[in-house]
Amino acid sequence: MAKHTIKDTDYLYASARIKSMEKNLLSRDKLERMSEAKTLEDALKLLGESGWPEIASPTMAAVEEVLASRRSEAFALVRSLAPDKRLPDVFLIKYDYHNLKVLLKSEVTGENADALLIDAGRFSCRQLKTMLAEDSFSAMNKNMAQSIEEARDVLARTQDPQLLDLILDKAMFADMLEMADALGLRYLRNYVILMIDSVNLRLTVRLRRMGKGLEVLRYALIPGGDIAISRLLGDVTPDIIENVYHTSPLAAAAQAGAQALRGEASLSAVDLACDDVLLNYLKSARYIAFGAEPLIGYLAAVEAELTAVRTVITGRLAGLAPEMITERLRETYV
Amino acid sequence: MARLNVNPTRMEQTRLKRRLATAKRGHKLLKDKRDELMRQFLEIVRHNLQLRKKVEGALSKAHRSFTIASAVMSPEMLEEALMYPKQSVALELSTKNIMSVNVPVYQFKMKSDDPAEIFPYGFATTSGELDDAVLALSQTLQDMLELAQSEKTAQMLAQEIEKTRRRVNALEYVMIPQLVETIKYIRMKLEENERGNTSRLMKVKDMMLEEQRQKNIRQDQEAYEAHCLNFEPKQ
Amino acid sequence: MEWILALFNGRSLAILGAALAMGLAGTGSAKGVGIAGEAASGVLTEDPSKFGQTLLLQALPGTQGIYGMIISFLILLKTGLIGGTPIELTTAQGFQFLFAALPIGIAGLTSGIAQGRASAACMGLIAKRPEELGKAMMYPALVETYAVLALLISFLMWLGIPV
């Protein structure tokens, strides 16, 4: 039997359903109203009006719980709708690697860090734990298994947790690219590439600010992006950063990065600019009537929404002024 | 004013007088110590205030960065980023003597001298604000330790001042007046005894004189009677 | 050789024309309505109150089938296959009927599917802005133009075929 190739019409039901769910996403207007609401309770009430479940108490823990359940709901929905069940995995890979980092670090520190695991990845936490305990990586792909071995080795030699993170981050993006290729979705692949470029931009700026040498930068930069790594190695001045990213969609973010290097802007402005570029790219899915894109866009939108809600609530809990909060809000999908 | 319950003897008085002299000298010494402690204390407190303002400013800045970082990262990812520290600090504790108070002196040493070695996480899943927060915290560490040191010193000095003040007060308002009172009491008691003695002696003398006079009178009477008998006509 | 002669018999060709007009246009409509229907059920899952609006959009690609049926019916009528005695047709006449059926057949097939997709896309629009139904209907309705034009040409051809 010939392999059934997935056509955009296979997403008819799914994308129509997702599109009608998009209107329940929080708009920027609503988020701003939440940050300006008189009390935190009022802000939470606004969430309730948008169809969110009731949040038991105005604490971060209760909010986080609701955020986690919203996230897993959205992923479960998309997984059930998508013809290819691996579609949401690209967004879940980061949880696998997060859990790996936690487990590998707790192997060294000897502390039990189970509370830090996020049971949302492709592998359940228990699976990952047994795989690490028994050294059986056959269920994983090559990137993951290799990165674990390399990370363990490096950690044992250098005791440097940063290197571990860098190794796993690189493997994570390689995994994401592979997954996007396997799904055969250009939109997704370009998204991952854009993500790699933005991470490379951010880490170049951050490492420069920390005053780290080229060696760490060479180690940290993630291959696979549109911007060749070699262009970021060397004596990167703010102007060079602007130049390198001049033709990329990340040009504005690179400008913010250059300003941060000159000390004229904060790092959060760079993060914000990068996130906005990524979301604007994802937004192009809104003009695609049906196909995988609206589903992917929706997942990204849900994640962006959770971040936005977290920004507002933590900001309010910390007593930040409404302007301070709205200033840090990312673009919204709707 | 209460006085000590002692026997009002001369020996006791001498003893108390010696104690009073000691108490007075002690009082003066303690007062000097208190004043010096106060001076040192105020100096430290002033320094402390400046330091505290500085540390609080830095901490609130770090806290703000941290809040922003925690807004864009999930709490698990944030904690994961920081769960395995890269830089470690060795703290040495020695003491310094201020006016016979042993105050602590902290000295700390970083494991690595590279100031960029404080970031134990990767960059893909962490926010840039976290860098600022960690950096601000690590720069504050020196000041925080100094603050802890001067706070502890101030606290110990305050305790010492309080103790000294209590002693000074005890000497000034209890001990010395008590001694003075008691000495005065003994003196008065002794004088009273003296007076009682004198008057008793005088009384005894009076009594003896009276007795003598009676005796004289009786002797005179007897002599007279005998004389009269001698001169009675013989029958 | 007999079956070839039977195949190129005028009447057989006219029937083939009628069959193609209905079959192709009907397939187009069926696909279009199906596509729109799938999208409509997606919208309805989240918001059952949109039944009326989505039904309207779903019905739009259904017209091609009707046009196909009209032409098909007219051909059958003119050749006397229904309501009368069948007329003897030359091979040339048969081909003429066949060609007259093609515009609505081909245009019906493609426009039906295209309209279905446009309708499905409009479902997404309706899901977010139900008040824009009037405008949303315009887009798939424009596709209809070409089906109508095809119908017109098929009809004119049919008129012109001398029997």
Side-chain angles (χ1 to χ4, degrees), chain A residues 60-61 64 67-68 94 97-98 101-102 105-106 108-109 111 113 115-118 159-170 172-173 195 199 202-203 205-207 209-212 216 220 222 260 266-271 275 306-307 310-315 317-318 320 325 328 330, chain B residues 55-90 109-142:
Chain A
M60 212 52 229
E64 282 297 340
L67 294 184
K94 63 171 172 290
Y97 281 91
H98 161 79
K101 283 180 198 169
V102 172
K105 282 182 187 178
S106 67
V108 179
T109 58
E111 280 170 50
L116 301 184
L117 296 173
I118 306 178
Q159 310 281 312
D160 187 345
Q162 191 173 37
L163 292 181
L164 172 132
D165 276 16
L166 296 181
I167 291 166
L168 289 184
D169 285 348
K170 264 195 271 189
M172 173 172 86
F173 282 108
M195 206 147 56
V199 167
R202 280 166 49 200
L203 71 83
V205 171
R206 286 166 72 182
L207 279 172
R209 263 176 56 120
M210 289 176 190
K212 287 269 199 182
V216 185
I222 293 152
S266 69
L267 278 177
S268 62
V270 187
D271 285 358
D275 285 354
L306 300 184
T307 304
R310 191 183 290 122
T311 307
V312 172
I313 306 280
T314 33
L317 279 173
L320 295 183
I325 300 176
R328 295 196 153 69
R330 269 73 172 144
Chain B
V55 167
E56 264 169 13
L59 280 184
S60 77
K61 197 177 133 224
H63 182 73
R64 227 189 29 237
S65 297
F66 214 75
T67 309
I68 295 160
S70 70
V72 290
M73 292 169 68
S74 77
E76 290 92 349
M77 290 196 170
L78 184 64
E79 277 195 55
E80 180 273 317
L82 302 171
M83 75 181 271
Y84 183 179
K86 190 171 173 182
Q87 178 69 280
S88 63
V89 169
K109 230 177 95 65
M110 297 272 190
K111 192 177 79 180
S112 154
D113 290 331
D114 185 354
E117 285 290 302
I118 50 174
F119 306 102
Y121 45 77
F123 305 99
T125 53
T126 56
S127 149
E129 285 284 341
L130 195 59
D131 295 0
D132 287 348
V134 171
L135 187 68
L137 280 178
S138 89
Q139 282 168 347
T140 330
L141 186 61
Q142 176 78 55

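None of the values given here were measured: they were computed from a predicted structure. By convention in this document, chain letters (A, B, ...) are assigned in the order of the sequence lines, proteins followed by strands, and residues within each chain are numbered from 1.
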Of the backbone (N, CA, C, O) and the side chain (C-beta and beyond), which part of [X] lies under 4.5 Å from a heavy atom of chain B, both, or neither?
X: A:Met195; answer: neither
X: A:Leu320; answer: side chain
X: A:Ala115; answer: backbone
X: A:Tyr97; answer: neither
X: A:Leu163; answer: neither
X: A:Val108; answer: side chain
X: A:Val102; answer: both
X: A:Thr109; answer: side chain
X: A:Ser106; answer: both

Under a 4.0 Å threshold between the charged nitrogen and the carboxylate oxygen, would B:Asp132 count as salt-bridged to A:Arg206?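 Result for this pair is no, no salt bridge flagged.
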
Shortest non-hydrogen contact from [X] toward [Y]:
X: A:Thr314; Y: B:Ser70; value: CG2-OG, 4.0 Å
X: A:Leu207; Y: B:Phe123; value: CD2-CZ, 3.6 Å
X: A:Thr307; Y: B:Val72; value: CG2-CA, 3.8 Å

A:Asp271 (side chain) donor-acceptor with B:Ser127 (main chain) under 3.5 angstrom: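 Not a single qualifying donor-acceptor pair exists.
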
Heavy-atom proximity to chain A below 4.5 Å, by part of B:Ser65: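 Contact with chain A is absent: no heavy atom of B:Ser65 under 4.5 Å.
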
Any side chain to side chain donor-acceptor pair (under 3.5 Å) involving residues 71-84 of chain B? Give me the pairs, sequence neighbours left out, ordered by first then second residue.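 Passing the test, one end in residues 71-84 of chain B: A:Lys105-B:Glu80.
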
